[in-house]
Asker: 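Sharing a structure, written as structure tokens. Questions coming.
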Amino acid sequence: MATGHTDPRRRERIITATLDLIAEEGVAGVSHRKIAARAGVPLGSMTYHFSGIEELFREAFTRFADHIVAVFDAHLASPGDREQAREAVTDLVHVLSEGSPRDLVLTQELYTLAARQPVYRQLTQEWMRRSRVHLEKHFDPDTARQLDALIEGLTLHRALSPEPHDRALTREAITRITTTGEPDR
């Protein structure tokens with residue numbers, strides 16, 4: 001592994017290690033020392049790349065939010081009409097709830113920080129805004145906002161349930177919310 005200034009991926013490894021540790025131990029369990037060890041970098045490079053742990057957390061959670069928005073992009077970029085969009089949202093809920101436990105934990109850790117600290121609240125508001133942009137391609141803004149909240153709730157309920165609800169129930173909930181508002185585009 002490259003070391004020193006010739007290691008162009010060091011910053012990226014630090015961010016990835018931060019997210020991995022947050023997912024495993026929670027924000028409270030993460031320290032510069034643990035991150036450096038996980039990333040395989042000298043402890044001093046932590047302060048070289050980041051002014052402090054808060055800057056590192058903000059950047060790591062920004063990167064994570066970008067990842068989740070990309071998942072939204074992948075599912076909601078191609079539907080041509082409202083019916084296809086409903087199906088894409090159903091797929092999205094199931095992909096998110098059956099996917100990475102790491103992503104589920106990171107989402108909840110970010111929401112907890114956002115409940116306590118305004119800087120993270122701004123980050124989550126931007127994430128939600130970016131997610132709704134895709135929903136608003138297919139649904140009016142109010143419906144998109146309700147649907148965004150439904151996606152979060154259904155994803156969490158499915159992920160945490162010992163017997164997750166089936167696709168038909170997800171589709172029914174999405175259909176109920178999206179049958180009002182603007183006509184098909």
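These numbers come from a predicted model, not from an experiment. We count residues from 1, following the sequence as given.
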Asker: What about V119 and I15, same hydrophobic cluster or not, with Ile/Leu/Val/Met/Phe/Trp/Tyr joined at side-chain heavy-atom distances under 4.5 Å?
Answerer: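 V119 and I15: one cluster.
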
Asker: Restricting to side-chain hydrogen bond (donor to acceptor under 3.5 Å, both in side chains), what partner residues turn up for D166, sequence neighbours left out?
Answerer: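 D166: no side-chain hydrogen bond (donor to acceptor under 3.5 Å, both in side chains) contacts found.
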
Asker: Enumerate the salt bridge (charged side-chain N to carboxylate O under 4.0 Å, His left out) contacts for residues 142-154, please, sequence neighbours excluded, ordered by first and then second residue.
Answerer: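 Applying salt bridge (charged side-chain N to carboxylate O under 4.0 Å, His left out) to every pair that reaches into residues 142-154, excluding sequence neighbours, yields R132-D148.
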
Asker: Taking all atoms of both residues into account, what is the closest heavy-atom pair of K34 and G29, and its distance?
Answerer: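 Taking every non-hydrogen atom into account, NZ-O, 2.9 Å.
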
Asker: Among residues two or more places apart or on two chains, list those pairs meeting ring pair (Phe, Tyr, Trp, His ring centres under 6.0 Å) that have a residue in residues 150-180.
Answerer: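 Matches after skipping sequence neighbours: none remain.
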
Asker: Heavy-atom count around R167 CZ within 6.0 Å, excluding the residue itself: above 12?
Answerer: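 Yes, because the 6.0 Å sphere around CZ of R167 holds more than 12 heavy atoms from other groups.
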
Asker: Parallel, tilted or perpendicular for F61 and F64, by the 30°/60° rule?
Answerer: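 Perpendicular: the ring planes of F61 and F64 meet at over 60°.
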
Asker: Does S45 use its side chain to pair, donor to acceptor, with the backbone of Y48 at less than 3.5 Å?
Answerer: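 No; zero donor-acceptor contacts below 3.5 Å.
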
Asker: Taking R176's backbone N and O only, do any of them form a donor-acceptor pair with T179's side chain (distance below 3.5 Å, no angle check)?
Answerer: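 Pair found, side chain donor or acceptor close to backbone of R176.
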
Asker: Determine the minimum heavy-atom distance between A17 and I35, stating which atoms define it.
Answerer: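 Here A17 and I35 meet closest at CB-O, 3.9 Å.
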
Asker: Salt-bridge test for R86 and E83: reply yes if a basic N is under 4.0 Å from a carboxylate O, no otherwise.
Answerer: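 Between E83 and R86 there is a salt bridge, with a charged N closer than 4.0 Å to a carboxylate O.
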
Asker: Quick check: does any side chain N or O of T143 sit under 3.5 Å from a backbone N or O of F139, one acting as donor and the other as acceptor?
Answerer: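 Here the side-chain-to-backbone pair does not exist.
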
Asker: Provide the closest heavy-atom pair for T178 versus R82 in the form atom of the first, atom of the second, distance.
Answerer: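 Nearest heavy atoms, T178 then R82: O-NH1, 3.0 Å.
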
Asker: May I have all residue pairs that pass salt bridge (charged side-chain N to carboxylate O under 4.0 Å, His left out) and include part of residues 107-127, sequence neighbours excluded?
Answerer: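 Only E126-R129 qualify under salt bridge (charged side-chain N to carboxylate O under 4.0 Å, His left out).
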
Asker: Taking salt bridge (Lys or Arg N to Asp or Glu O under 4.0 Å) as the test, write out the residues that go with E54, two or more places apart.
Answerer: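 Salt bridge (Lys or Arg N to Asp or Glu O under 4.0 Å) list for E54, sorted by chain: empty.
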
Asker: Just checking, any donor-acceptor pair under 3.5 angstrom between side chains of H138 and D81?
Answerer: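 Result is no, nothing qualifies.
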
Asker: Is the backbone of R63 close enough, under 3.5 Å, to the side chain of H67 for a donor and an acceptor to pair up by distance?
Answerer: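 Flag not set: sc H67 to bb R63 has no pair under 3.5 Å.
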
Asker: Ignoring hydrogens, what is the shortest heavy-atom contact between A39 and R13? Give both atom names and the distance.
Answerer: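 The pair with the smallest heavy-atom distance is O-NE, 3.0 Å.
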
Asker: V69, L19: one ILVMFWY side-chain cluster at the under-4.5 Å cut-off?
Answerer: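 Yes; tracing contacts between hydrophobic side chains, which count when under 4.5 Å, links both residues.
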
Asker: Is there a donor-acceptor contact under 3.5 Å from the side chain of E172 to the main chain of A168?
Answerer: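 Pair absent, no side-chain N/O of E172 close to backbone of A168.
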
Asker: Between R171 and E87, does any side-chain N to carboxylate O distance fall below 4.0 Å?
Answerer: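 Judged by the 4.0 Å cut-off on N to carboxylate O distance, R171 and E87 do form a salt bridge.
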
Asker: Taking Q117 for the side chain and L113 for the main chain, is one N or O donor matched with an acceptor at less than 3.5 Å?
Answerer: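 Here the side-chain-to-backbone pair does not exist.
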
Asker: At what distance, to the nearest 0.5 angstrom, does CG of L104 lie from CG of L156?
Answerer: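 Reported to 0.5 Å precision, the distance equals 6.0 Å.
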
Asker: Closest heavy-atom contact between T170 and R158?
Answerer: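 Smallest heavy-atom distance, with atoms named: OG1-CD, 4.0 Å.
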
Asker: Can you see which heavy atom on L76 is nearest to which on A85, and at what distance?
Answerer: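 Distance-wise, the nearest heavy atoms are CD2-O, 4.4 Å.
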
Asker: Show me the pairs that pass ring pair (Phe, Tyr, Trp, His ring centres under 6.0 Å) and involve residues 96-122, at least two apart or across chains.
Answerer: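 Listed by first then second residue: Y111-W127.
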
